[in-house]
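Numbers for residues simply follow the sequence, beginning at 1. Only this structure's heavy atoms are used, side chains among them; waters, hydrogens and symmetry mates stay out.
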Amino acid sequence: MGATFPCAVHPAQAAIIDATHRAFVNYEVYYFSSEEALLTFAAEPWSYTGKVTDPVTRARFQPSAASPRRTLGGRLFYFENDANATTFDSDPSTYGIPRPTMHEKS
């Protein structure tokens with residue numbers, strides 16, 4: 001199709017669109033120009049993600065190093081707060097699958 005996308009870490013570089021240059025955070029997908037870029041992202045994902053969708057409330061928020069996090073099926077999830085992480089823990093399969101609507105945080 002000829003489409004190109006910027007690397008999540010090095011936006012001036014084109015991302016390689018394949019499974020080995022991809023990371024999932026919450027319901028978002030990120031692609032990278034190199035393995036080095038992927039490893040840089042993996043060390044501090046919150047520095048590169050922009051807003052993500054909390055899987056419990058579906059609110060959009062900017063994660064930080066202090067944000068609660070969980071991993072499910074190789075996907076990293078950040079939460080707005082500890083209460084949402086606890087709710088996720090009660091039934092991860094319910095919250096770990098994207099739902100059709102997402103809400104912008106007020």
Side-chain angles (χ1 to χ4, degrees):
M1 293 175 53
T4 60
F5 299 94
C7 172
V9 173
H10 305 295
Q13 299 175 9
I16 299 169
I17 310 302
D18 69 18
T20 63
H21 293 85
R22 176 181 67 200
F24 297 97
V25 178
N26 291 42
Y27 302 138
E28 287 72 35
V29 182
Y30 302 88
Y31 288 97
F32 308 94
S33 58
S34 66
E35 184 177 340
E36 173 272 326
L38 173 61
L39 293 173
T40 298
F41 180 89
E44 295 183 352
W46 66 90
S47 297
Y48 302 100
T49 61
K51 289 184 177 181
V52 297
T53 302
D54 186 297
V56 174
T57 63
R58 295 177 286 155
R60 301 281 289 165
F61 74 101
Q62 177 64 52
S64 71
S67 296
R69 71 182 97 192
R70 304 289 188 272
T71 302
L72 177 68
R75 182 181 297 253
L76 175 63
F77 288 95
Y78 283 106
F79 302 89
E80 271 192 292
N81 55 52
D82 290 328
N84 291 355
T86 299
T87 299
F88 181 89
D89 292 341
S90 72
D91 191 3
S93 63
T94 294
Y95 300 107
I97 299 169
R99 294 188 250 164
T101 58
M102 298 174 192
H103 305 285
E104 183 71 27
K105 183 177 177 181
S106 303

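Interatomic distance, Phe77 CZ to Thr71 OG1, rounded to the nearest 0.5 Å: 9.0 Å. Atom CZ of Phe32 is separated from atom CD of Gln13 by 12.5 Å, given to the nearest 0.5 angstrom.
The side-chain hydrogen bond (donor to acceptor under 3.5 Å, both in side chains) test with Asp54 singles out one residue from Asn26, Thr87, Asn84, and that residue is Asn84.
Counting heavy atoms from C-beta on, the side chains of Glu28 and Thr53 come closer than 4.5 Å. Looking at Asp91 and Ser93, their side chains come closer than 4.5 Å, going by heavy atoms from C-beta outward. For the pair Pro45/Tyr30, no side-chain contact is recorded, criterion being any heavy-atom separation below 4.5 Å from C-beta on.
Between the side chain of Gln62 and the main chain of Trp46, a donor-acceptor pair closer than 3.5 Å is present.
When all heavy atoms of Phe61 and Pro63 are compared, the pair lying nearest together is O-CD, 3.4 Å. Closest heavy-atom contact between Leu72 and Gly96: CD2-CA, 3.8 Å. When every heavy atom of Val9 is checked against every heavy atom of Phe41, the shortest pair comes out as CG2-CB, 3.7 Å. Contact record, Tyr78 with Ser64: CE2-O, 4.1 Å, taken as the closest heavy-atom pair. Pairing each heavy atom of Val25 with each of Thr49, the nearest pair is CG1-CG2, 4.1 Å. Closest heavy-atom contact between Ala59 and Glu80: CB-OE1, 3.6 Å.
Under a hydrophobic clustering in which Ile, Leu, Val, Met, Phe, Trp and Tyr are joined whenever their side-chain heavy atoms come within less than 4.5 Å, directly or via other members, Val29 and Phe5 fall into the same cluster. Val52 and Tyr31 are members of different hydrophobic clusters when ILVMFWY side chains are connected at heavy-atom separations under 4.5 Å.
Under the salt bridge (charged side-chain N to carboxylate O under 4.0 Å, His left out) criterion, the residue pairs touching residues 61-79 are Arg70-Asp89, with sequence neighbours excluded.
Under the side-chain contact (heavy atoms from CB on, under 4.5 Å) criterion, Leu39 pairs with Glu35, not counting sequence neighbours.
The aromatic ring centroids of Phe79 and Phe88 lie less than 6.0 Å from each other.
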